Amino acid sequence: MTAAKRALVIGGGVAGPVAAMALRKAGIEATVYEAYPSVADGIGVTLTLAPNGVEAMRLVDADDAVRSIGLPMNRTVVSDGYGVRIGEFPHVSVQPTTLGLWRDELSRVLHERAEAQGVRVEYGKRLVDAEETADGVIARFEDGTTATGDVLVGCDGVRSRVRTLIDPNAPRPQVMPLLNFGAAADYAVPDADPDSMYFVFGKKAFFGYWAQPDGRTAWFANVPDKRPMSYAKANEIAASQWLRELRATFADDVPARQVVEHTNPEALVSIGSIESMPSVPHWYRGRMVLVGDAVHAPSPSSGQGASMATESAIQVARCLRDFDDLPSAFAAYEKLRRERVEKIILRGKRTTNSKTVGSFAKTMMRIMMPLALKTFLNPEKTLGPEQRYRIDWDAPVTSEVQVPVRA
């Protein structure tokens, strides 16, 4: 017997539609409530879905749709701003392979898959409050409407409203001293392999890119800046001004200079400061529970944000399926997830910090990288355990974790 029959899923990014599909598969009716008036087209830039994330998508029958918009990535090439190759390493030898994606396209296909499976998605529903009753939870939205369910699943991102409802003293996201930008440039980097990711430690900033099938180049940039800047604040500045600053930042870097020069202002997306979640003390309370970036947002440098959100969305559904009371289901969910995601958050922070190193450190990186990639930075050793993780949907959760028996 499941712990709930009807779920209100708050947030329609990555975790929300996946959670709704998984809940429906577990026998729980789920409706997604998205704050924006439509699928968030144009919001966000590039991302990667790691092998564990692609495999998790299979459990909700979304992997084929995701593969149809993704580019397989089989290796990473690291260079400096002079165009000198620092190192090259194959990705973890595991199937499915990492995919390079556009965030808005991923959101779109997940919404399409969810609706095709019978999940209802309601747009323009920004959560403002939730009230728990003896037999359910009432969600209240900014437009004055309400919705009632047995459980409320907060998939509403790093600035989660559900997180503050669960715990008014919950930690806020930590701001890292890097601004994040991205776009598709009307330029093909010479000799760029279509199955490779490229990382450039430039003289002033970090630059990443990969080749698009249409001859363009998908790119992102992490630019050191100690001023905390929200998405809204970053977008108060004209894209043309940001591009002027980016062209100055990468003026001496190859091929970043050429890629940015061939980027149109209307294509540029300014994200603002990179953010990450510290450890969140309370993942749930009563009938409310947190999933994805709302509770464990890693730095984009981890390469695991979307994959972790997908895994957690599926695991919370398994737990609600296998327990007949919410406290036990939520406790099991947290036990399944906390240690894994917090290790990845820590690794992501370390990777992000490497993007702000000075010229001396970059010189040492050029010297040490070849040896490091053969020893302590070997992808199989550092990323293998993360990417080989698999969820057994059919296995009872009780075979994996133990929770106190309720009297």
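All values derive from a computational prediction rather than experimental measurement.
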Enquirer: Apply side-chain contact (heavy atoms from CB on, under 4.5 Å) to residues Ser276 and Ile345 and explain how you reach the verdict.
Expert: CA-CA 8 Å; Ser276 168; Ile345 289 172; 3.7 Å; yes
Enquirer: Under the rule for salt bridge (charged side-chain N to carboxylate O under 4.0 Å, His left out), what residues qualify as partners of Glu266, not counting sequence neighbours?
Expert: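 Testing Glu266 for salt bridge (charged side-chain N to carboxylate O under 4.0 Å, His left out), a comparison that skips the adjacent residues, returns none.
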Enquirer: I'd like to know if Arg24 and Glu29 make a salt bridge, using a cut-off of under 4.0 Å between side-chain N and carboxylate O.
Expert: no
Enquirer: What distance do Glu55 atom CD and Asp63 atom CG have between them, rounded to the nearest 0.5 Å?
Expert: 7.5 Å
Enquirer: Minimum heavy-atom separation for Gly215 to Ala188, with atom names?
Expert: O-CB, 3.2 Å
Enquirer: Taking all atoms of both residues into account, what is the closest heavy-atom pair of Leu152 and Ala130, and its distance?
Expert: CD1-CB, 4.1 Å
Enquirer: To the nearest 0.5 Å, what is the distance between CD1 on Ile344 and CG on Asn52?
Expert: 7.0 Å
Enquirer: Evaluate the criterion side-chain contact (heavy atoms from CB on, under 4.5 Å) for residue pair Glu342 and Arg338; output intermediate values, then yes/no.
Expert: CA-CA 6 Å; Glu342 291 191 349; Arg338 182 182 282 275; 2.8 Å; yes
Enquirer: With a 3.5 Å distance limit and no angle check, can you tell me whether Ser273 reaches the backbone of Met229 through a side-chain donor-acceptor pair?
Expert: yes
Enquirer: Assess the pair Tyr333 and Trp283: is the distance between their ring centroids shorter than 6.0 Å?
Expert: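 That pair passes the under 6.0 Å test.
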Enquirer: I'd like to know if the side chain of Asp150 reaches the main chain of Lys5, judged simply by a donor and an acceptor atom lying under 3.5 Å from each other, with no hydrogens or angles considered.
Expert: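 It does hold such a pair.
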Enquirer: Please collect all salt bridge (charged side-chain N to carboxylate O under 4.0 Å, His left out) contacts where either partner lies in residues 296-313, sequence neighbours excluded, each pair once.
Expert: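 Found Glu311-Arg337, Glu311-Arg340.
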Enquirer: Could you list the residues that satisfy side-chain hydrogen bond (donor to acceptor under 3.5 Å, both in side chains) with Lys233, not counting sequence neighbours?
Expert: none
Enquirer: Can you list everything that forms a salt bridge (charged side-chain N to carboxylate O under 4.0 Å, His left out) with Asp135? Sequence neighbours excluded, please.
Expert: none
Enquirer: Partners of Ser399 by side chain to side chain contact (heavy atoms under 4.5 Å, CB included), sequence neighbours excluded?
Expert: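 Partners of Ser399 by the side chain to side chain contact (heavy atoms under 4.5 Å, CB included) criterion, ordered by chain and then number, come out as Ala395, Pro396.
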Enquirer: Measure from the ring center of Phe181 to the ring center of Phe220 and say whether it is less than 6.0 Å.
Expert: no
Enquirer: Taking all heavy atoms of Thr310 and all of Ala56, pick out the closest pair and write down the distance.
Expert: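 Residues Thr310 and Ala56, closest heavy atoms: CG2-CB, 3.6 Å.
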Enquirer: To the nearest 0.5 Å, how far apart are CD1 in Ile166 and CZ in Arg161?
Expert: 11.5 Å
Enquirer: Between Glu400 and Lys335, does any NZ, NE, NH1 or NH2 come within less than 4.0 Å of an OD or OE carboxylate oxygen?
Expert: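 Between Glu400 and Lys335 there is no salt bridge, as every charged N stays at least 4.0 Å from the carboxylate O atoms.
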Enquirer: Can you measure from OG (Ser299) to CG (Asn222) and round to the nearest 0.5 angstrom?
Expert: 7.5 Å
Enquirer: Partners of Glu122 by side chain to side chain contact (heavy atoms under 4.5 Å, CB included), sequence neighbours excluded?
Expert: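 Thr31, Tyr33, Arg120, Lys125.
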Enquirer: Pair His91, Thr97 - check side chain to side chain donor-acceptor pair (under 3.5 Å), show working.
Expert: CA-CA 8 Å; His91 289 178; Thr97 190; 5.2 Å; no
Enquirer: Only one of Trp219, Tyr209, Phe207, Phe201 forms a ring-ring contact (aromatic ring centres under 6.0 Å, His included) with Phe250, so which one is it?
Expert: Phe207
Enquirer: Between Ser68 (side chain only) and Ala65 (backbone N and O only), is there a donor and an acceptor less than 3.5 Å apart?
Expert: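 Confirmed, Ser68 side chain pairs with Ala65 backbone.
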Enquirer: Where is the tightest heavy-atom contact between Leu110 and Met21, given as atom of each residue plus distance?
Expert: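 That would be O-CE, 4.1 Å.
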Enquirer: Does Lys203 come within less than 4.0 Å of Asp253, counting only side-chain N to carboxylate O?
Expert: yes
Enquirer: Show, in sequence, the C-alpha distance, side-chain angles and deciding distance for Asp325 and Ser328, and conclude whether the side chain to side chain donor-acceptor pair (under 3.5 Å) test is met.
Expert: CA-CA 6 Å; Asp325 68 281; Ser328 296; 2.9 Å; yes
Enquirer: Which pair of heavy atoms, one from Met277 and one from Val295, lies closest together, and at what distance?
Expert: CB-O, 4.4 Å
Enquirer: Who pairs with His111 by ring pair (Phe, Tyr, Trp, His ring centres under 6.0 Å), at least two apart in sequence or on another chain?
Expert: Tyr123
Enquirer: List the steps, then state whether side-chain contact (heavy atoms from CB on, under 4.5 Å) holds for Thr46 with Trp102.
Expert: CA-CA 5 Å; Thr46 58; Trp102 291 98; 3.7 Å; yes
Enquirer: In chain order, what residues pass the salt bridge (charged side-chain N to carboxylate O under 4.0 Å, His left out) check against Glu245, with sequence neighbours excluded?
Expert: none
Enquirer: Between the side chain of Asn264 and the main-chain N/O of Ala185, is any donor-acceptor distance below 3.5 Å?
Expert: no
Enquirer: Would you list the pairs meeting salt bridge (charged side-chain N to carboxylate O under 4.0 Å, His left out) in which at least one residue belongs to residues 64-77, sequence neighbours left out?
Expert: Arg75-Glu88, Arg75-Asp193
Enquirer: Is the backbone N or O of Val397 less than 3.5 Å from a side-chain atom of Asp322, with the two atoms forming a donor-acceptor pair by type?
Expert: yes
Enquirer: For Arg388, I'd like to know if atom CZ has over 12 heavy atoms of other residues, nucleotides or ligands within 6.0 Å.
Expert: yes
Enquirer: Atom CD1 of Ile237 and atom OG of Ser270: how far apart are they, to the nearest 0.5 Å?
Expert: 8.0 Å
Enquirer: Tell me whether the count of non-hydrogen atoms from other residues, nucleotides or ligands lying under 6.0 Å of CD in Glu236 goes above 12.
Expert: yes
Enquirer: Determine, stepwise, if the pair Leu383 / Arg347 fulfils side-chain contact (heavy atoms from CB on, under 4.5 Å).
Expert: CA-CA 10 Å; Leu383 302 179; Arg347 179 180 65 75; 3.6 Å; yes
Enquirer: Would you compute the distance between atom NE2 of His262 and atom CG of Asp186 and round it to the nearest 0.5 angstrom?
Expert: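 The CG atom of Asp186 is 8.5 Å from NE2 of His262, to the nearest 0.5 Å.
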Enquirer: Testing the 3.5 Å rule here: is there a donor-acceptor pair between the side chains of Lys349 and Gln174?
Expert: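 Side chains of Lys349 and Gln174: pair found under 3.5 Å.
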Enquirer: Not counting sequence neighbours, which residues clear salt bridge (charged side-chain N to carboxylate O under 4.0 Å, His left out) with Asp61? List them please.
Expert: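 Partners of Asp61 under the salt bridge (charged side-chain N to carboxylate O under 4.0 Å, His left out) test: Arg113.
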Enquirer: Quick check against the 3.5 Å criterion: does Asp80 have a side-chain atom that pairs as donor or acceptor with the backbone of Val84?
Expert: yes
Enquirer: What residues, two or more places apart in sequence or in another chain, satisfy side-chain hydrogen bond (donor to acceptor under 3.5 Å, both in side chains) together with Gln315?
Expert: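 Listed in chain order: Arg318, Tyr389.
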Enquirer: Taking only residues two or more places apart in sequence or in another chain, which ones pass side-chain hydrogen bond (donor to acceptor under 3.5 Å, both in side chains) with Arg159?
Expert: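 Partners of Arg159 under the side-chain hydrogen bond (donor to acceptor under 3.5 Å, both in side chains) test: Glu275.
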Enquirer: Is Asp214 atom CG crowded by more than 12 heavy atoms from other residues, nucleotides or ligands, each under 6.0 Å away?
Expert: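 For Asp214, atom CG is crowded (more than 12 foreign heavy atoms under 6.0 Å).
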Enquirer: So, Glu34 side chain and Tyr36 main chain: donor-acceptor pair closer than 3.5 Å or not?
Expert: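 Checking the backbone N and O of Tyr36 against the side chain of Glu34, a donor-acceptor pair under 3.5 Å is found.
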